2 protein chains.
Amino acid sequence: MEEITGLELSPRKAAYLKFILEKGRTVKTTELSSGCNVDPSTISKALNDLASAGYLNHVPYKGVSLSVKGKAYAEFLVRRHRILGLLLSHYGLSPDEACLEVSRFEAYVSKGAIDKICKAMGHPMVGVCGKIKHNECVYKS
Amino acid sequence: MEEITGLELSPRKAAYLKFILEKGRTVKTTELSSGCNVDPSTISKALNDLASAGYLNHVPYKGVSLSVKGKAYAEFLVRRHRILGLLLSHYGLSPDEACLEVSRFEAYVSKGAIDKICKAMGHPMVGVCGKIKHNECVYKS
DNA sequence: AGTTTATTTGGCTTTATACCAAATAAGCTT
DNA sequence: AAGCTTATTTGGTATAAAGCCAAATAAACT
């Protein structure tokens, strides 16, 4: 398995990947477009990039689905979002505020930092916006 | 005084402003250039932008100094950096790791969030990389 | 006054994001 | 099956942030 730093995807690309993971199935360009309020052509290009980078299986005109790598990555993205949201909620931010705040900077927080925070928090199972899965989190030590 | 969200400056511009604050005096283009490992022409343009936006007093060919607005802003930037660094250090990151990690995402964390975190932490006076000043921090409530 | 150094300007590049318009493929519908 | 409609992709263009190089310009120092 490839090492991930958590910094390989830009904010928008990460958002698209999370969107696809949440759907849990093949997703069409139009869904991403309306779901993210972005022009379909913009989505189409981003999906192309993500497929080229190995995160997605893209069948032109049909839709995209997460590759094994993409699914693992998207799961990390969701875990990162939730751990950071939970963290901020411990410092007086409401769930909504925490979620919004995190969405601005999460793309720039490394997996190394998330793993440490996660461990220090005792690998919490529930965040402020959903359950946290630790499949790809380093439990040991 | 103008409201600040903490999101008005890009990461690099913020870094330049902090550099100037740390010097505590008029700074020359060359200093920023060597201090930040960036081409002088790049610095020159950035200083121009920062001066146009009112953060700096720029005397062409002479150097830049912080305006009142710029000083207040730079102080917020330093406080943000230190509060976030301290925060991460509470979750198992070493001072160096925390500093490096924070430098990647700090530009995207709002003043509103920092003020809340600051308050929840009890307005700490010392961070992992220097003293924290709360001049512009909202103490009340 | 002339040379050297610092600074600025102009031009170009890259990355990320996004839009519009046009082309193309799929999918319905008759 | 042909055609219409909708979805998708492609091509072109734009913006913002950041940066480099080379050339022009200003300042500083002999």
Side-chain angles (χ1 to χ4, degrees), chain A residues 5-20 23 25-66 70 73-74 77 103-109, chain B residues 5-20 23 25-66 70 73 77 103-110:
Chain A
T5 66
L7 308 174
E8 30 285 278
L9 291 187
S10 64
R12 299 323 302 275
K13 298 244 170 74
Y16 300 152
L17 222 54
K18 279 194 284 183
F19 184 95
I20 299 165
K23 290 297 174 187
R25 53 169 172 72
T26 291
V27 171
K28 314 293 270 342
T29 295
T30 308
E31 290 182 81
L32 266 309
S33 176
S34 52
C36 303
N37 285 303
V38 161
D39 192 275
S41 66
T42 301
I43 297 294
S44 193
K45 280 162 186 169
L47 296 182
N48 228 18
D49 292 347
L50 287 168
S52 297
Y55 296 99
L56 299 176
N57 301 122
H58 188 194
V59 181
Y61 294 99
K62 288 296 189 161
V64 290
S65 59
L66 293 168
Y73 204 87
L77 295 178
S103 67
R104 272 199 295 269
F105 70 83
E106 59 188 324
Y108 308 103
V109 182
Chain B
T5 65
L7 307 174
E8 29 284 279
L9 292 187
S10 64
R12 298 325 300 275
K13 299 246 169 72
Y16 300 153
L17 222 54
K18 280 194 285 183
F19 183 96
I20 299 166
K23 290 296 175 187
R25 54 169 171 71
T26 291
V27 171
K28 314 292 271 339
T29 297
T30 308
E31 291 182 80
L32 266 308
S33 175
S34 52
C36 303
N37 284 303
V38 161
D39 192 274
S41 67
T42 301
I43 297 295
S44 194
K45 281 163 186 168
L47 296 182
N48 228 18
D49 292 347
L50 287 168
S52 298
Y55 296 100
L56 299 176
N57 301 123
H58 188 194
V59 182
Y61 294 100
K62 287 295 189 163
V64 290
S65 59
L66 293 168
Y73 203 87
L77 296 179
S103 68
R104 272 200 293 269
F105 69 82
E106 60 188 325
Y108 307 103
V109 182
S110 75

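Note that this is a predicted model, so its numbers are computed, not measured. Below, chain A is the first sequence line, B the second, and so on; all start at residue 1.
Comparing A/P60 and A/D39 by the nucleotide of DNA chain C whose heavy atom lies nearest to each, the residue mapping closer to the 5' end is A/D39. In terms of position along DNA chain C, the nucleotide closest to B/S41 lies nearer the 5' end than the nucleotide closest to the other residue of the pair A/V38 and B/S41.
The shortest distance between the side-chain N/O atoms of B/Y16 and the OP1/OP2 oxygens of D/dG19 is below 4.0 Å. Listed pair B/K28 / C/dT5 fails the phosphate criterion, with no side-chain N or O lying under 4.0 Å from OP1 or OP2. B/T29 has a side-chain polar atom (N or O) that falls below the 4.0 Å cut-off from OP1 or OP2 of C/dT8. Regarding contacts with the backbone of D/dA16, every side-chain N or O of B/S10 stays at 4.0 angstrom or more from both OP1 and OP2. Phosphate proximity of D/dG19 to B/T42: absent, as no side-chain N or O sits under 4.0 Å from OP1 or OP2.
A/L9 places its CG atom 15 Å from the P atom of C/dT15, with the value rounded to the nearest Å. Between the NZ atom of B/K62 and the P atom of D/dA26 there is a distance of 14 Å, given to the nearest Å. Atom NZ of B/K45 is separated from atom P of C/dT13 by 13 Å (rounded to the nearest Å). Atom CG of B/D49 is separated from atom C1' of D/dA18 by 11 Å (rounded to the nearest Å). Whole-Å rounding puts the B/I43 CD1 to C/dT9 C1' distance at 16 Å. Rounded to whole Å, the distance from CG on B/N48 to C1' on C/dG10 is 13 Å. The nearest whole Å value for the distance from the CG atom in B/L17 to the P atom in D/dA18 is 13 Å. Taking atom CG of residue B/L50 and atom C1' of nucleotide D/dA16, one finds them 15 Å apart after rounding to whole Å.
Scanning both residues, A/R12 and A/C36, for their nearest heavy atoms gives NH2-O, 4.1 Å. Across all their heavy atoms, A/S33 and A/V38 have their closest contact at OG-O, 2.5 Å.
The OH atom of B/Y73 sits 11.0 Å away from atom NZ of B/K18, with the distance rounded to the nearest 0.5 Å. For the atom pair B/L77 CG and B/K13 NZ, the distance stands at 13.0 Å (nearest 0.5 Å).
Here the side chains of B/T26 and B/N57 are not in contact, with every heavy-atom distance at 4.5 Å or above.
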